[in-house]
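Throughout, a chain's letter reflects where its sequence line sits, starting with A, and its residues are numbered from 1.
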Amino acid sequence: MSFNAQLADLFERMAKLLEVTGANAFRVNAYQRGARRLRELSEELEPIADDPKQLTATEGIGKGLAEKIAEFHRTGRVEELEALRAAVPDGVAAMMDIPGVGPKTVATLWKQGGITSIDQLKQTIADGSLEDLPRLGKKTLEKIGKSIAYAESAGQRARLGDALPLAVRIVEELAALNCTKRVDYAGSLRRGCETIGDIDILAACEDPQALAKHFTGMSLVDEVLLSGKTKTSIRTDTGMQVDLRIVREDRYGAALMYFTGSKEHNVVMRQRAIDRDLRLNEYGLWKAEDAERMDEAKPVAADTEKVIYRKLGLSHIGPELREDRGEVAAAADDELPEPLTIDHIQCELHAHTTTSDGSLSIEELAAEAKRRGFHTVAVTDHSAGQVQANGLDAQRLKRHAARIRQINGKLDDITVLAGTEVDILADGSLDYEDDLLAELDVVVASPHSALSQNSAKATERLVRAIENPYVHIIGHPTGRLIGRREGLSPDMGAVIAAAAEHGAALELNANPWRLDLRDLHLRAAVEAGCMIAINTDAHGPADFDLLGYGLLTARRGWVEPKHVVNCLSTKALAKWLQSKRQGDQ
DNA sequence: GCCGTTTTCGGCCCGACTGTTTTCAGTCG
């Protein structure tokens, strides 16, 4: 784990323990913010760990955190954290993770109830001996018990690819009602986050009661969690929590902005409003004096997000950018990245056919790509190392390439490239000889095995593949599977620097299990001058639809059309593929 | 603990919902 990541974990732990012990909430928040900053930092703090001046130049790190960083660097530990650990049993801190249980409840359970673990809490709820504690009545305990049971059975965040189709289905069903004026999904889903805690749906409606009733009566509803005048929550049969909020139509934009978040983005926006003697909340942007009487007053702006941003002196910030990663400053200077849309994507450079583990023939793949409006599709079947995927040995690859070229000669309006997705072996060598790779139009090199090797080895491995003169694209560079497998954790700065130097593109694999590279690494890559390849890794016709997940992730990574090889014209793409070859001759 | 064209103190986003109270504390987003 990197120095920054270790510190981020440490600060998060501090925050949690401080919260349980009833520390000042703003102090807790400072540690949380510090941890978050550390995770987003692209440069390592270790070299400057003993220089408070340089450390405090980072936003969110002041004198206190700088001292902790120096202490950790010097001694490998932080005294205050050790003291907190000694004072608070592990099980007590763990109770904070139960939904509906916050610091106050944990403190009551621990100090007054003697509960020091989730297991003990579960038992005590079952035998009913807890009900004498203040503010812990029968219903509350019942709810906590349910939360524990649910967390034990599921608990994990949903992948974007599972949550988005579900949200679209719910939005479409609610939109079909006569009384519905507007309805959208908001929250982390609208921001295109790779995993989603719960789905937020926002609606404006002439008959809120009817809408809420329809919502709780949908066939996918397993349990109604709460239902108020403006907020209703359900759990679906797949275990996903869905919140519906109903707002006035003329306040819709303010609500959409508010519920899209992120929380951190909202904080910056609210502060920006205050700096201009305005107030921003979920009901609109107000003059400061009107914020107290929103019922009678007229908002400065409320019906669309765009107007609210404009009234705050900002160009419209796309939902994927709203993470407090510098987007507000960029919008103020009119320097936001150009939004990458599906119309910019003109080719697919990573696809499989029946020759390895795909479901389409070469002709069918070409036809599907053409139907999607692409000028080029690359056939990149697996190399021999992928035995389970029917990977090709050298002889089969030669015959396959010849057949691809033969078919390409007969097709109009679509170019089919002869390529491969060659394995990057554990030591960074490739699964084919260089002279065979040199015969192909496009080479995608990907790690598929030895995905738990250490960081140093992974870095060396990927850099070596990047240095190979015949490699155009590094496919799904870390090999992670979201929520299932962590994949490689190389020194991404070194990998990116190598890719920039050698002109290899890094892939953003659009499959929602992968989304690899992830958003923050993409941003570091384009800032370093790397090209990005956004591919669906199609194994069948429907996989081309996965491109949408790639676009969301790319926008989160501040990737613009000019950074993406799939946005190149036929001619420019041919030139790019060639340049790699010529540059090394 | 962080931060500063109201800078070394005094703020730090704020409203909905629930359950336990009987006017509000705790949690969540």
### Task
State whether the side chain of Arg276(A) and the backbone N or O of Arg272(A) hold a donor-acceptor pair below 3.5 Å, judged by distance alone.
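Side chain of Arg276(A) to backbone of Arg272(A), a donor-acceptor pair under 3.5 Å: yes, one is there.
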### Given DNA chain B, 5'-ward residue of the pair Pro99(A) and Arg33(A), judged by closest heavy atom
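Its nucleotide being nearer the 5' end, the pick is Arg33(A).
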### Query
Want to settle it: does Gln271(A) or Ile98(A) sit nearer the 5' end of DNA chain B, counting the closest nucleotide to each?
Gln271(A)
Polar-atom pairs under 3.5 Å, protein N or O versus N or O of nucleotides 15-18 of chain B: list them with distances, or write none.
residue : atom : partner   : partner atom : Å
dG15(B) : O3'  : Tyr283(A) : OH           : 3.2
dA16(B) : OP1  : Tyr283(A) : OH           : 2.7
dA16(B) : O3'  : Thr230(A) : OG1          : 3.1
dC17(B) : OP1  : Lys229(A) : N            : 3.2
dC17(B) : OP1  : Thr230(A) : N            : 2.8
dC17(B) : OP1  : Thr230(A) : OG1          : 2.9
dC17(B) : OP1  : Lys231(A) : N            : 2.9
dT18(B) : OP1  : Ser227(A) : N            : 3.0

## Note on the structure
Of the listed dG1(B), dC3(B), dG26(B), the closest approach to the Ala30(A) side chain comes from dG1(B)
### Query
What nucleotide, of dT27(B), dG19(B), dC13(B), holds the atom closest to the side chain of Lys263(A)?
dC13(B)
[atom1] atoms of [N] and [M], separation to the nearest Å:
{"N": "dC12(B)", "M": "dC17(B)", "atom1": "P", "result": "25 Å"}
{"N": "dT27(B)", "M": "dT21(B)", "atom1": "P", "result": "15 Å"}
{"N": "dA16(B)", "M": "dG11(B)", "atom1": "C1'", "result": "25 Å"}
{"N": "dG26(B)", "M": "dT20(B)", "atom1": "C1'", "result": "11 Å"}
{"N": "dC13(B)", "M": "dC2(B)", "atom1": "P", "result": "16 Å"}
{"N": "dC3(B)", "M": "dT8(B)", "atom1": "P", "result": "16 Å"}
{"N": "dG1(B)", "M": "dT5(B)", "atom1": "P", "result": "23 Å"}

Would you mind classifying the nucleic acid contact of [X] as base, sugar-phosphate or nothing, using non-hydrogen atoms under 4.0 angstrom?
{"X": "Pro103(A)", "value": "sugar-phosphate"}
{"X": "Ile61(A)", "value": "sugar-phosphate"}
{"X": "Leu65(A)", "value": "sugar-phosphate"}
{"X": "Val101(A)", "value": "sugar-phosphate"}
{"X": "Asp275(A)", "value": "nothing"}
{"X": "Gly261(A)", "value": "nothing"}

Between [N] atom [atom2] and [X] atom [atom1], what is the distance in whole Å?
{"X": "Arg37(A)", "N": "dG1(B)", "atom1": "CZ", "atom2": "P", "result": "19 Å"}
{"X": "Met95(A)", "N": "dG26(B)", "atom1": "CE", "atom2": "C1'", "result": "16 Å"}
{"X": "Arg272(A)", "N": "dT5(B)", "atom1": "CZ", "atom2": "C1'", "result": "15 Å"}
{"X": "Arg322(A)", "N": "dG29(B)", "atom1": "CZ", "atom2": "P", "result": "19 Å"}
{"X": "Glu67(A)", "N": "dG1(B)", "atom1": "CD", "atom2": "P", "result": "9 Å"}
{"X": "Lys63(A)", "N": "dC3(B)", "atom1": "NZ", "atom2": "P", "result": "13 Å"}
{"X": "Arg27(A)", "N": "dG11(B)", "atom1": "CZ", "atom2": "C1'", "result": "18 Å"}
{"X": "Leu202(A)", "N": "dG29(B)", "atom1": "CG", "atom2": "C1'", "result": "14 Å"}

Less than 4.0 angstrom between a side-chain N/O of [X] and OP1 or OP2 of [N], yes or no?
{"X": "Thr56(A)", "N": "dC2(B)", "answer": "no"}
{"X": "Arg270(A)", "N": "dC13(B)", "answer": "no"}
{"X": "Lys104(A)", "N": "dG26(B)", "answer": "yes"}

### Message
For the residue pair Arg523(A) and Trp558(A), would you count it as a cation-pi contact if the rule is NZ or CZ under 6.0 angstrom from the ring centre and within 45 degrees of the ring axis?
### Response
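Yes, a cation-pi geometry holds between Arg523(A) and Trp558(A).
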### Task
Can you spot which of Arg270(A), Glu327(A), Arg191(A), Glu323(A) makes a side chain to side chain donor-acceptor pair (under 3.5 Å) with His265(A)?
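Between His265(A) and the candidates, side chain to side chain donor-acceptor pair (under 3.5 Å) is satisfied uniquely by Glu327(A).
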Output side-chain donor-acceptor pairs under 3.5 Å for residues 108-121 of chain A, partner residues at least two apart or in another chain, one line each.
residue   : atom : partner   : partner atom : Å
Thr108(A) : OG1  : Lys104(A) : O            : 2.8
Thr116(A) : OG1  : Gln120(A) : OE1          : 3.2
Ser117(A) : OG   : Gln120(A) : N            : 3.0
Gln120(A) : OE1  : Thr116(A) : N            : 2.9
Gln120(A) : NE2  : Gly114(A) : O            : 3.2

#### Entry: For Tyr309(A), all residues meeting ring pair (Phe, Tyr, Trp, His ring centres under 6.0 Å), sequence neighbours excluded
His316(A)
### Task
Going by the salt bridge (Lys or Arg N to Asp or Glu O under 4.0 Å) test, name the single residue among Arg39(A), Arg36(A), Arg33(A) that passes it with Glu12(A).
Arg39(A)
#### Entry: Matching residue for Glu305(A) among Arg310(A), Arg322(A), Lys311(A) - test: salt bridge (Lys or Arg N to Asp or Glu O under 4.0 Å)
Arg322(A)
### Asp324(A) with Arg37(A): basic N within carboxylate O range, under 4.0 Å
yes
### Task
Go ahead and name the base partner of dT8(B); Watson-Crick or wobble counts if both distances stay under 3.5 Å, otherwise write none.
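Across all strands, not a single nucleotide pairs with dT8(B).
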### Task
State, yes or no, whether a side-chain contact exists between Arg85(A) and Arg13(A) at a heavy-atom distance under 4.5 Å.
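Heavy-atom side-chain distance check passes, below 4.5 Å.
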